[in-house]
Amino acid sequence: MRLDSARADRITAIVLVALGLTMLWAGYTMDRLEIRRIHPSSIPGLLPMILGGGMAICAVFLYLGARDPDDPPPDASWRTMLLAGAWSAAFALLLVGTLPFYVATAIYVAGFVMIFDTDMAPLKRAVAACIFGILAAGIIGALFRYAFLVRLP
Amino acid sequence: MTGLANFAAAIWDLATFTTLFHVTWATLLGIFVGSLPGLTATMGVALLTTLTYTMDRDAAILVLLCMYVGAIYGGSRSAILLNIPGTPASAATALDGYPLAQQGRAGYAMGLATAGSALGTLIGIILLVLLAPPLAEAALRFGSYEFFWLALFGVVISGQLTGGGSPLKGYISGMLGLMIAMVGSDGIHSHIRLTGGWDQLNGGIGLIPAMVGAFGFAEVLSVMWQAVPQMANSTAKGPGLPSLIDLWRYRITIVRSGIIGTLVGIIPGVGEDIGAWASYAAARRKSPEREMFGKGSTEGLTAAETGNSAVVPGALIPALTLAIPGSAPAAVLIAALFIHGIRPGPMIMIEQPTFIYSVAAMMVFATIAIGVFGVALTPLFIQVLKIPRAWLMPVVFVLCVIGPYALTQRIFDIWIMVAFGVIGFLMRQMKYPVAPLVLGIILGDLLDKSLRRGLILSDGDVTAFFTRPISLGFAIVIALSILLSIGPVRRVIAAKNPFASKAKP
């Protein structure tokens with residue numbers, strides 16, 4: 001899967017045209033603050049309108065100029081990236097704020113090592129990951145809590 | 001002479017044990033961050049900004065500058081040993097550094113990179129001391145019209161120079177940044193715009209969460225996406241440090257690369273990678289051994305490292321005097337300066353007349369530190385490169401989460417960080433540069449306020465934006481830049497260029 005292909009550029013261009021036109025419309029319909037008797041040239045929607053129009057024009061050029069890249073696809077793993085992204089997002093959006101920060105961090109770090117460090121034997125990996133997770137959570141949490149006086153989530 | 005005397009006085013004032021302590025740990029941390037693929041200078045400075053929140057002003061700025069200088073230098077380690085630039089700034093370094101390592105000259109290459117980085121930073125510091133005060137004085141004459149064009153100039157030039165083969169993608173990235181900056185309370189009438197009813201967006205989208213996401217989480221995703229890099233086999237072999245004769249041989253390359261790097265740094269939002277490539281290209285054009293470039297040329301390596309390091313002080317020139325960052329890490333530094341009560345911009349020489357010299361002096365200490373640690377701790381940094389990504393990346397991501405939260409204590413900023421991480425990753429995959437996006441977020445407010453204030457002053461007359469000499473100059477440069485970035489226009493001009501046709505045999 002390549003995200004710099006001509007097809008991807010065309011789809012992006014369509015999204016950007018929609019975004020630009022939405023911004024143009026939002027700027028045009030934005031409150032002009034007549035009740036506050038502001039100068040008509042200083043309405044809050046002025047620059048959003050200009051940017052929306054500009055973005056739509058650029059997106060049209062992007063659509064017309066889309067072409068496939070010449071270089072070969074890089075040696076990469078989408079599966080690893082998606083798994084890492086999903087696990088990290090779950091930590092940031094679900095675990096933090098729900099569980100105490102130390103617990104959430106220890107689970108996340110230990111889980112990450114267990115999932116992605118495939119060089120070690122399973123049992124050894126699990127033990128090492130748990131120890132590392134607890135240590136990382138303790139050190140980072142204590143650093144922010146006691147050295148930088150941050151109230152942890 | 002007053003400037004140089006102030007500079008000397010600033011160095012003397014900073015020569016304390018506390019300064020040396022901060023310089024030591026922050027530079028080492030910077031080299032560590034820069035060495036590891038996946039940790040960039042921008043991310044390092046952004047994360048450290050959250051840690052310096054409780055420090056006193058001068059110590060905080062010193063620590064951030066040492067991180068910046070150290071990280072840009074540190075990128076050369078992995079570029080030479082792994083063929084993977086630790087930071088984008090070291091991409092040109094890898095071209096000649098890695099072949100040198102494969103030939104068994106890794107130690108020599110790292111010594112040369114250290115010397116080039118130190119000398120490049122020093123050249124940049126001298127130009128910072130000489131150029132920043134007069135630029136700040138000139139900027140005092142700027143009004144709304146000039147600031148409008150300056151903000152637009154920054155976004156357009158950054159988009160064009162970082163867009164690579166497609167300036168259009170650079171422009172789109174910059175425009176996206178400007179659109180993001182429109183969210184929240186507007187700077188003139190305090191009217192809440194484009195928040196979609198989300199109260200948390202009333203104050204706008206925070207720069208630090210956005211940058212930590214775009215440069216931190218996006219890097220974590222990129223590192224996990226890429227294949228695991230292989231270290232060059234012959235890292236431990238080869239002669240040690242470069243001799244003074246080697247450096248003297250490349251004296252013209254060093255000075256030229258230092259000046260090019262600094263000038264690239266002054267251009268808004270362009271950054272260290274372009275500085276390195278521009279210096280590398282100039283060195284290749286002038287070199288008698290240009291066929292060696294890309295195959296292990298010591299001159300090419302010197303040019304790239306001198307060029308990228310000289311961008312650091314260069315990027316601070318517009319950051320301090322105009323509040324317009326010359327690079328992405330400088331953008332974070334501007335945010336950090338505001339957090340610590342310093343207002344960068346044309347008034348800096350009036351409100352804080354010695355601050356620019358203090359910054360230059362701090363960078364001298366950071367340069368000495370990279371010289372010392374770069375040479376003395378090479379074996380340690382080779383070990384650092386062996387840390388598996390599965391162990392490093394979760395720690396980095398935890399810092400990305402807690403860092404933005406520490407500044408505002410809002411869970412919402414963690415969501416912003418995650419959203420910008422995904423956006424940053426997708427932009428990289430789709431070959432959109434991220435630097436113009438960041439510059440757009442920073443300059444959006446200035447562009448908006450200057451446009452509307454200018455129109456109020458001229459009672460809605462748009463021609464007022466073209467009648468003052470500096471404004472007109474900026475307008476012409478912007479128009480020409482956009483025109484020249486259009487493919488067919490460029491081809492027509494190239495076809496009619498008499499010098500180009502004469503050059504052909």
Side-chain angles (χ1 to χ4, degrees), chain A residues 3-4 8-9 12 16 19 23 26 30-31 33 36 38-42 44-48 51-52 54-55 58-59 61-62 65 69 74-78 80-81 84-85 88-89 91-93 96-97 101 105 108-109 112-113 115-117 119 132 136-137 140 144 148-153, chain B residues 50-51 53-54 166 168-169 171-172 175-176 178-179 182 186 188-189 191 193-194 217 220-227 388-391 393-395 397-402 405-406 409 411 414-415 417-418 421-422 425-426 429-431 444 447-448 451-456 458-460 487:
Chain A
L3 293 181
D4 55 348
D9 274 354
T12 312
L16 291 176
L19 177 69
M23 191 89 168
M30 199 176 283
D31 193 343
L33 307 178
R36 284 161 64 179
I38 64 163
H39 193 285
S41 302
S42 71
L46 180 64
L47 192 58
L51 290 173
M55 178 61 90
C58 285
F61 282 114
L62 181 68
D75 181 16
S77 165
W78 283 97
T80 309
M81 189 283 294
S88 301
F91 164 66
L93 305 178
V96 173
F101 180 75
T105 303
Y108 167 69
V109 174
F112 201 100
V113 173
I115 297 167
F116 296 107
D117 188 345
D119 293 340
F132 182 62
I140 295 171
F144 277 87
F148 305 118
L149 307 175
V150 174
R151 204 183 306 129
L152 296 172
Chain B
T50 64
L51 297 180
Y53 190 50
T54 52
S166 172
L168 182 63
K169 289 191 172 178
Y171 299 152
I172 289 174
M175 228 179 281
L176 268 176
L178 291 172
M179 286 168 127
M182 295 298 106
D186 92 87
I188 292 188
H189 304 300
H191 179 69
R193 300 184 291 196
L194 308 167
F217 186 29
V220 171
L221 294 177
S222 296
V223 169
M224 297 311 290
W225 177 74
Q226 288 157 1
R389 63 182 186 175
W391 293 65
M393 288 304 130
V395 175
F397 185 69
V398 171
L399 292 174
C400 289
V401 169
I402 191 66
Y405 176 84
Q409 311 269 307
I411 292 283
I414 299 177
W415 301 358
M417 184 278 294
V418 172
V422 175
F425 176 77
L426 289 175
Q429 296 304 316
M430 301 174 92
K431 304 273 161 54
L447 188 77
D448 185 37
L451 171 67
R452 292 193 286 152
R453 273 190 195 140
L455 285 171
I456 293 171
S458 66
D459 200 17

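Numbers restart at 1 for each chain; the letters A, B, ... are given by sequence-line order, proteins then strands.
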Options [options], ranked by heavy-atom pairs under 4.5 Å with chain B, top entry:
| options | result |
| --- | --- |
| A/Cys58, A/Ser77, A/Pro44 | A/Pro44 |
| A/Ala26, A/Gly54, A/Gly52 | A/Gly54 |
| A/Phe61, A/Phe101, A/Tyr108 | A/Tyr108 |
| A/Pro48, A/Ala89, A/Ser88, A/Ala92 | A/Ser88 |

Find the one option among [options] whose heavy-atom pairs under 4.5 Å with chain A are most numerous.
| options | answer |
| --- | --- |
| B/Leu426, B/Ile188, B/Leu176 | B/Leu176 |
| B/Leu451, B/Leu221, B/Val418 | B/Leu221 |
| B/Ile411, B/Ile172, B/Leu447 | B/Ile172 |
| B/Val422, B/Leu194, B/Ile402 | B/Ile402 |
| B/Met417, B/Met175, B/Arg452 | B/Arg452 |

Closest contact, heavy atoms only, [X] versus [Y]:
| X | Y | result |
| --- | --- | --- |
| A/Gly85 | B/Phe217 | O-CZ, 4.3 Å |
| A/Ala84 | B/Met224 | CB-CG, 3.7 Å |
| B/Leu455 | A/His39 | O-CE1, 4.2 Å |
| A/Ile38 | B/His189 | CG2-CE1, 3.4 Å |
| A/Gly97 | A/Pro153 | N-CB, 4.5 Å |

Task: Interatomic distance, B/Gln226 atom CD to A/Thr80 atom OG1 [nearest 0.5 angstrom] - done: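 The distance works out to 11.5 Å.
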Given a strict heavy-atom distance threshold of 4.5 Å, which part of [X] is in contact with chain A: side chain, backbone, both, or neither?
| X | answer |
| --- | --- |
| B/Leu178 | both |
| B/Met430 | both |
| B/Gln429 | both |

- [ ] Measure A/Leu51 against the heavy atoms of chain B and call it side chain, backbone, both or neither at under 4.5 Å.
- [x] both
Open item on the list: Contact between B/Met393 and A/Phe116 at the side-chain level, heavy atoms closer than 4.5 Å - yes or no?
Closed with: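 Answer no - side chains too far apart.
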Open item on the list: Over 60° means perpendicular and under 30° means parallel, so tell me whether A/Phe132 and B/Trp391 are parallel, tilted or perpendicular.
Closed with: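 The rings of A/Phe132 and B/Trp391 sit tilted, inter-plane angle from 30° to 60°.
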- [ ] Using a strict cut-off of less than 4.0 Å between a Lys/Arg side-chain nitrogen and an Asp/Glu carboxylate oxygen, indicate whether B/Arg193 and B/Asp448 qualify as a salt bridge.
- [x] yes
